[in-house]
Structure formats: structure tokens, C-alpha cells
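Bear in mind the structure is a predicted one, so any value in this text is a computation, not a measurement. Letters A, B, ... mirror the listed sequences (proteins, then strands); counts begin at 1.
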Amino acid sequence: MMTAPELTEPKKPMNRRTVGNAEKWGWIFQRASGVILIVLIFTHLFINLMTGDGVNQIDFAFVAGKWAAPLWKWWDFTMLVLAMVHGTNGMRMIVNDYARRPFVRQTLQWALNISMVVIIVLGTLVIFTFDPCPTGTDTELLNVELCRELGRL
Amino acid sequence: MSPAPTLYRGREGMWMWLVHRTTGVAIFFFLLIHVLDTSLVRVSPEAYNEVIGAYKTPIYGLIEAGLVAAIVLHAFNGLRIIAVDRWTWALRHQRMLVWVVWGIFVVMMAAFLPRHLGHVFGGA
């Protein structure tokens, strides 16, 4: 006859050590990523909004010119990942502070985690599959110098 | 009678805590939108230029100024939080450091706003 396994510790609490460590690493990550993001984002804002024609210079050709250099691809990728995880972690703390009912809290946490993954995957694909010279595009919209250099024009 | 004084309640630190939260939430939602609009470079140059063109209008120009303001406040108050957690000196002077954050904010916005608003309202 089969017997049910004996429950030795039916009221064993969840592993406090693991929970404590998760919060600790979230705390450390928030600070480390914050400092790195200051460098990444302030440079991003300075180049895009302060140099040249500022916001007026931003168009497809401008993005093509920047992403022609691997440095800016990796710069934007790092910024994307760190900012999304930092932002999601911050939103998680706010949700934990205000959403008292477990169902509401868990639903919001899931929504946050899903949007984080979707945005990171989408942004990463866009950065690394970017085509600076799509065929059939009006030449005026392209970075002509770059596309000539690439032999695409 | 006012309640017993605490480290934060009702003073500079509490308001800065509120500023940190609200700017953080605002930046988070902008980030979601910003990745989506940038993703249009993968759709077509026409689609990207049309949507990014909206950022160059006066209304969005002002929203951008607000976004930069939010980022500057969040960034330097973040450094203040790290300092207060890390050094006893900063903990003792956390209230004064709030005013240092506002001082840096004023200086950085004074450097940014004339140039940015010139781009937005001054045409070329």
C-alpha cells in the first residue's frame, strides 16, 4: 500500500536567506547600474540634444551614422538593458509598497516583467539587425555618404 | 504639537524621496515609448522620420525639457542616496545634500535649456 510522504516540517517558512539575498542583490544592482547609467545617458543626451542642431538633427540618416560605429551599437544596447532592468526593479519596489492585495501585486509584477523582456528583445533586435540603406528608399532620407561607402548606393 | 521629529518626515528628504519616485516612474514610461519609437528605424526611414518629427514640435520640445529635468534630478539624487547609505558624513548632512542636488540641477538646466529651446523654437 502506498503511503503519503511524511511531512516533517509542514510549516517550514520560505527560505529567508535566499529572499534576503535577492533583495540585497537588487539593492546593489540598483546602485551600480544607476552610476553607469548616469555616464551612458548623459553622454547620449549631450550628443543627441546639445551638439550640432540638437533635436532637429535626429532622423533616420542620423541614427544610421551613429550605428555605423559598433561603439554606439553597444553603447545603446548597454543603456537599453541597464535602464530597463533598473526601471523595472524600481517599479517593482513601488508596486510592493502600494499594491497590498497579492493578486493585484502579482499581476502588476508579471506585467512589468513581460514588458521588460519584450522591450529588451525588441530593442536588441532593432540595434543589431538595423539596415542603414534599405533598398527602394528615397535617397534624400538616407545617409548618402555612409551608403556610398558601404557600396549600397 | 507637531509629531516627534524624525530623519525624514515632512522635510527636504521626504520631498526628495517623492521627487525620486515620480521622476523614476515618468522616466520608466518614457523609456518604453522611446524604445518603441526608435524601433521604427526597422520599419522604414519614412515612418521613423515622421514620428521623430513630432519630437521637434514646440509641445514635445517642452516635454523633452521636462524629461531631461527629471533625469538630472533622478541621477543626482541617486548619487545622494548612495552617499547617504555609504558615508556617515553624508548621512549627517543629507538635508544639505538635497540643496546640493537642486544646485547642480539649476546649473545643468541653465546649460541645457537655452540651447535646447533655441533648437526647438529658433528654427535652425
Does one hydrophobic cluster hold both B:V107 and A:F42, with members joined at side-chain heavy-atom distances below 4.5 Å?
no
Which answer fits A:D97, side chain, backbone, both or neither, if we ask what part of it has an atom under 4.5 Å from a heavy atom of chain B?
side chain
Is it the side chain or the backbone of A:L112 that comes within 4.5 Å of chain B heavy atoms, both, or neither?
side chain
Assert top hit (heavy-atom pairs under 4.5 Å, partner chain B, pool A:I127, A:V63, A:L142) equals A:V63
Residue by residue, which of residues 98-105 of chain B have a heavy atom closer than 4.5 Å to a heavy atom belonging to chain A?
none
Rounded distance (nearest 0.5 Å) linking atom CD1 of B:I71 with atom CD1 of A:I38:
11.0 Å
Heavy-atom pair with the smallest gap, counting every atom of B:I52 and A:D59:
CG2-CA, 4.3 Å
Residue part contacting chain B, namely of A:F62, when any heavy atom lies under 4.5 Å
neither
Grab the two heavy atoms, one from B:I82 and one from A:R31, that are nearest each other, plus how far apart they are.
CG1-CG, 3.6 Å
Is the shortest side-chain heavy-atom distance between A:W27 and B:D85 below 4.5 Å?
yes
Would A:I41 and B:H74 count as a side-chain contact (heavy atoms from CB on, under 4.5 Å) here? Give the steps.
CA-CA 12 Å; A:I41 292 177; B:H74 196 86; over 6 Å; no
Reported CD-to-CZ distance for the pair B:E50 and A:F60, which is rounded to 0.5 angstrom:
15.0 Å
Other residues, nucleotides and ligands only: do more than 12 of their heavy atoms fall within 6.0 Å of CZ on B:R86?
no
Would a hydrophobic clustering, with Ile, Leu, Val, Met, Phe, Trp and Tyr connected at side-chain separations under 4.5 Å, put A:V35 with A:L82?
yes
Can you tell me if CG on B:L18 sees more than 12 non-hydrogen neighbours from other groups inside 6.0 Å?
yes
How about CZ on B:R92, more than 12 heavy atoms from neighbouring residues, nucleotides or ligands closer than 6.0 Å, or not?
no
For the atom pair CD (A:E140) and CG (B:N49), what is the distance rounded to the nearest 0.5 Å?
11.0 Å
Under 4.5 Å to a heavy atom of chain B? For A:M84 that would be both
Looking at B:V68, B:V72, B:L31, which makes the most heavy-atom pairs under 4.5 Å with chain A?
B:L31
Tell me whether A:I36 shares a hydrophobic cluster with A:V39, the cluster being built from Ile, Leu, Val, Met, Phe, Trp, Tyr side chains joined at under 4.5 Å.
no
Rounded to the nearest 0.5 Å, how far does CZ of B:F28 lie from OG1 of A:T88?
4.5 Å
What heavy-atom pair brings A:N56 and B:H119 nearest, and what distance separates the two atoms?
ND2-O, 2.8 Å
If you draw a 6.0 Å radius around OH in A:Y98, do more than 12 non-hydrogen atoms from other residues or ligands fall strictly inside?
yes
Can you pull out the residues in residues 34-44 of chain B with any heavy atom less than 4.5 Å from chain A?
B:H34, B:V35, B:L36, B:T38, B:S39, B:V41, B:R42
I'd like to know if A:L150 and A:V144 are part of one continuous hydrophobic network [Ile/Leu/Val/Met/Phe/Trp/Tyr, side-chain heavy atoms within less than 4.5 Å].
no
Give the intermediate values and the outcome of salt bridge (charged side-chain N to carboxylate O under 4.0 Å, His left out) for residues A:D53 and B:K56.
CA-CA 11 Å; A:D53 284 334; B:K56 301 165 188 174; over 6 Å; no
Checking heavy atoms, do the side chain of A:L80, its backbone, both or neither come under 4.5 Å from chain B?
side chain
To the closest 0.5 Å, what do you measure between CE (A:M50) and NE2 (B:H116)?
10.5 Å
Going from CD on B:E46 to OG1 on A:T137, what distance comes out if it is rounded to the nearest 0.5 angstrom?
5.5 Å
Interface moiety of B:E64 toward chain A, non-hydrogen atoms closer than 4.5 Å
side chain
With only heavy atoms counted, which part of A:L49 is less than 4.5 Å from chain B, the side chain, the backbone, both or neither?
both
Heavy-atom distances under 4.5 Å only: say whether B:Y60 touches chain A with side chain, backbone, both or neither.
neither
Applying a strict under-4.5 Å side-chain criterion to I, L, V, M, F, W and Y, I'd like to know whether A:I114 and B:I33 cluster together.
no
